Protein chains: 2
Amino acid sequence: MNEEEQQLNKVLMLFYFGYRTFTEKPDQMIEKYGIQRVHHRILFFIARVPGITVNDLLSILEVSKQALNAPLRQLYEKNLIKMVHADYDKRFKQLYLTDQGKQLESELSHVQREQMKTIFNSLGGNHQEAWIDVMNVLAKVRPGQQFFNEQNGERCD
Amino acid sequence: MNEEEQQLNKVLMLFYFGYRTFTEKPDQMIEKYGIQRVHHRILFFIARVPGITVNDLLSILEVSKQALNAPLRQLYEKNLIKMVHADYDKRFKQLYLTDQGKQLESELSHVQREQMKTIFNSLGGNHQEAWIDVMNVLAKVRPGQQFFNEQNGERCD
DNA sequence: ACAAATAGGTCAATTATATTGTCCTAATAA
DNA sequence: TTATTAGGACAATATAATTGACCTATTTGT
């Protein structure tokens with residue numbers, strides 16, 4: 001067991017512990033709304049890609065449509081998201097946050113942004129860029145990544 | 001929505017996508033052993049802290065003892081871990097990997113180490129250090145972190 | 001010696017998250 | 001007009017986690 005291997009074992013541990021801390025605060029905050037982490041993820045990605053269709057959201061989250069359906073309905077019933085039949089094809093439903101949904105999503109993501117911003121600022125230098133570079137290599141293999149590569153906030157056809 | 005906020009929203013997305021890629025390969029590898037991610041985490045931490053007690057492992061994983069008990073029993077039944085009553089207090093059970101457990105843990109962690117190593121090496125510079133610095137800030141608030149701060153591989157009393 | 005505390009195990013009920021499979025409607029395309 | 005597609009719904013199942021209650025064995029403190 002050489003030193004490099006030990007360092008990399010620490011990296012694996014840090015990934016586990018780090019992600020846990022990252023998700024901790026929003027998990028606590030959403031409890032009182034009667035929703036869970038999966039709902040937070042949905043709110044987050046609808047906020048990033050307003051007007052996204054159900055199928056495209058599925059490919060970002062990489063879950064089955066049955067897994068998405070229930071939390072989506074719950075968010076609708078809690079008036080946190082809107083569904084609009086697309087003009088260009090009425091089979092498609094486009095998903096948007098309601099004002100209430102925008103408010104909640106913004107609160108949740110704000111906490112995480114501040115958490116990361118504080119860390120990047122306290123470490124200074126090029127820590128933020130370096131961290132992003134590393135995570136980008138991991139993230140780029142995800143199918144949902146395609147929605148965030150370029151300037152396609154809505155859809156292009 | 002200024003540029004900094006957009007950059008930080010990307011950071012949140014990268015954390016989700018990145019962690020997903022990080023856990024993907026071991027998840028697939030352990031399928032054929034009939035175990036899941038929770039078992040991998042247990043194997044990983046027993047490998048890092050051989051002789052750890054059940055209670056200490058609980059505090060690292062931050063789950064209830066009921067949540068740990070079943071997967072621990074399954075790993076024992078599959079001959080991947082050993083349990084030894086501690087010399088210093090027979091109430092304590094010390095956990096160790098069997099040779100088979102060491103073999104499997106080493107395969108799983110090897111894949112993740114290589115994945116991260118490849119990324120760090122390809123990006124070069126101080127990317128590895130910077131990434132570790134950032135994750136260390138997040139990880140240090142975890143209670144289980146105490147087992148990895150200094151030179152206490154076993155226990156000190 | 002005996003009561004209290006500790007480490008750990010077990011059983012039950014519940015919740016959340018996810019899967020696959022099947023079947024359905026509505027809308028569009030060939 | 002048939003086939004395909006987007007989406008929804010229901011059922012059965014699996015995994016992962018919770019809280020609560022109760023049990024044994026061991027050690028500690030009085």
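Throughout, protein chains are lettered first and strands after them, A, B, ... in sequence-line order, and every chain is numbered starting at 1. Note that the structure is predicted; figures quoted are calculated from it, not measured.
Under the side chain to side chain contact (heavy atoms under 4.5 Å, CB included) criterion, B/Lys65 pairs with B/Leu58, sequence neighbours left out. A search for side-chain hydrogen bond (donor to acceptor under 3.5 Å, both in side chains) contacts involving B/Gln74 returns B/His39, not counting sequence neighbours. With sequence neighbours excluded, the residues that form a side-chain hydrogen bond (donor to acceptor under 3.5 Å, both in side chains) with A/Asn79 are A/Gln100. For the side-chain hydrogen bond (donor to acceptor under 3.5 Å, both in side chains) test, no residue two or more places apart in sequence or in another chain qualifies with B/Gln145. Among residues two or more places apart in sequence or in another chain, the ring-ring contact (aromatic ring centres under 6.0 Å, His included) test is passed with B/Tyr19 by A/Phe15, A/Tyr19.
Residue pairs meeting the salt bridge (charged side-chain N to carboxylate O under 4.0 Å, His left out) criterion with at least one member in residues 91-103 of chain A, sequence neighbours excluded, are A/Asp89-A/Arg91. Within the structure, salt bridge (charged side-chain N to carboxylate O under 4.0 Å, His left out) pairs that include any residue of residues 118-142 of chain A comprise A/Glu62-A/Arg142, A/Arg142-B/Glu24 (at least two apart or interchain). For residues 70-79 of chain A, there are no salt bridge (charged side-chain N to carboxylate O under 4.0 Å, His left out) pairs, not counting sequence neighbours. Note on residues 115-126 of chain B: pairs passing salt bridge (charged side-chain N to carboxylate O under 4.0 Å, His left out), not counting sequence neighbours, are A/Glu4-B/Lys117, B/Glu114-B/Lys117.
If you measure from atom CD of A/Gln36 to atom C1' of C/dA18, you get 14 Å, rounded to the nearest angstrom. Look at CD on B/Glu77: it is 13 Å from C1' on C/dG9, rounded to the nearest Å. Rounded to whole Å, atom C1' of C/dA16 lies 14 Å from atom CG of A/Leu75. In this structure, CG of B/Leu72 is placed 13 Å from C1' of C/dA7, rounded to the nearest angstrom. Summarising the geometry, the separation between CD1 on A/Ile35 and P on C/dT15 is reported as 18 Å, rounded to the nearest angstrom. To the nearest angstrom, P of C/dG21 lies 18 Å from CG of A/Asn69. Between the CZ atom of B/Phe92 and the P atom of C/dG9 there is a distance of 12 Å, given to the nearest Å. For A/Gln74 and C/dA18, the CD to C1' distance is 14 Å, given to the nearest whole Å.
Side-chain nitrogen and oxygen atoms of A/Ser64 include none within less than 4.0 Å of the OP1 or OP2 phosphate oxygen of C/dA18. Contact annotation: A/Arg41 side-chain N/O to C/dA18 OP1/OP2 distance is under 4.0 Å.
Distances from the side chain of B/Lys93 to the nucleotides C/dG8, C/dT19, C/dT10 place C/dG8 closest.
Applying side chain to side chain donor-acceptor pair (under 3.5 Å) to B/Ser109 and the options B/Glu107, B/Arg113, B/Glu105 leaves one that passes, B/Glu105. Of the candidates B/Phe45, B/Phe44, B/Phe147, B/Phe45 is the only one forming a ring-ring contact (aromatic ring centres under 6.0 Å, His included) with A/Phe17.
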Checklist outcome for this item: 5' to 3', nucleotides 23-30 of chain C under a 4.0 Å protein heavy-atom cut-off (B base, S sugar-phosphate only, - none) gives ----BS--
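Read 5' to 3', the first and last nucleotides of DNA chain D with an atom closer than 4.0 Å to a heavy atom of chain B are D/dT15 to D/dT27.
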N/O contacts under 3.5 Å, protein versus nucleotides 11-13 of chain C?
none

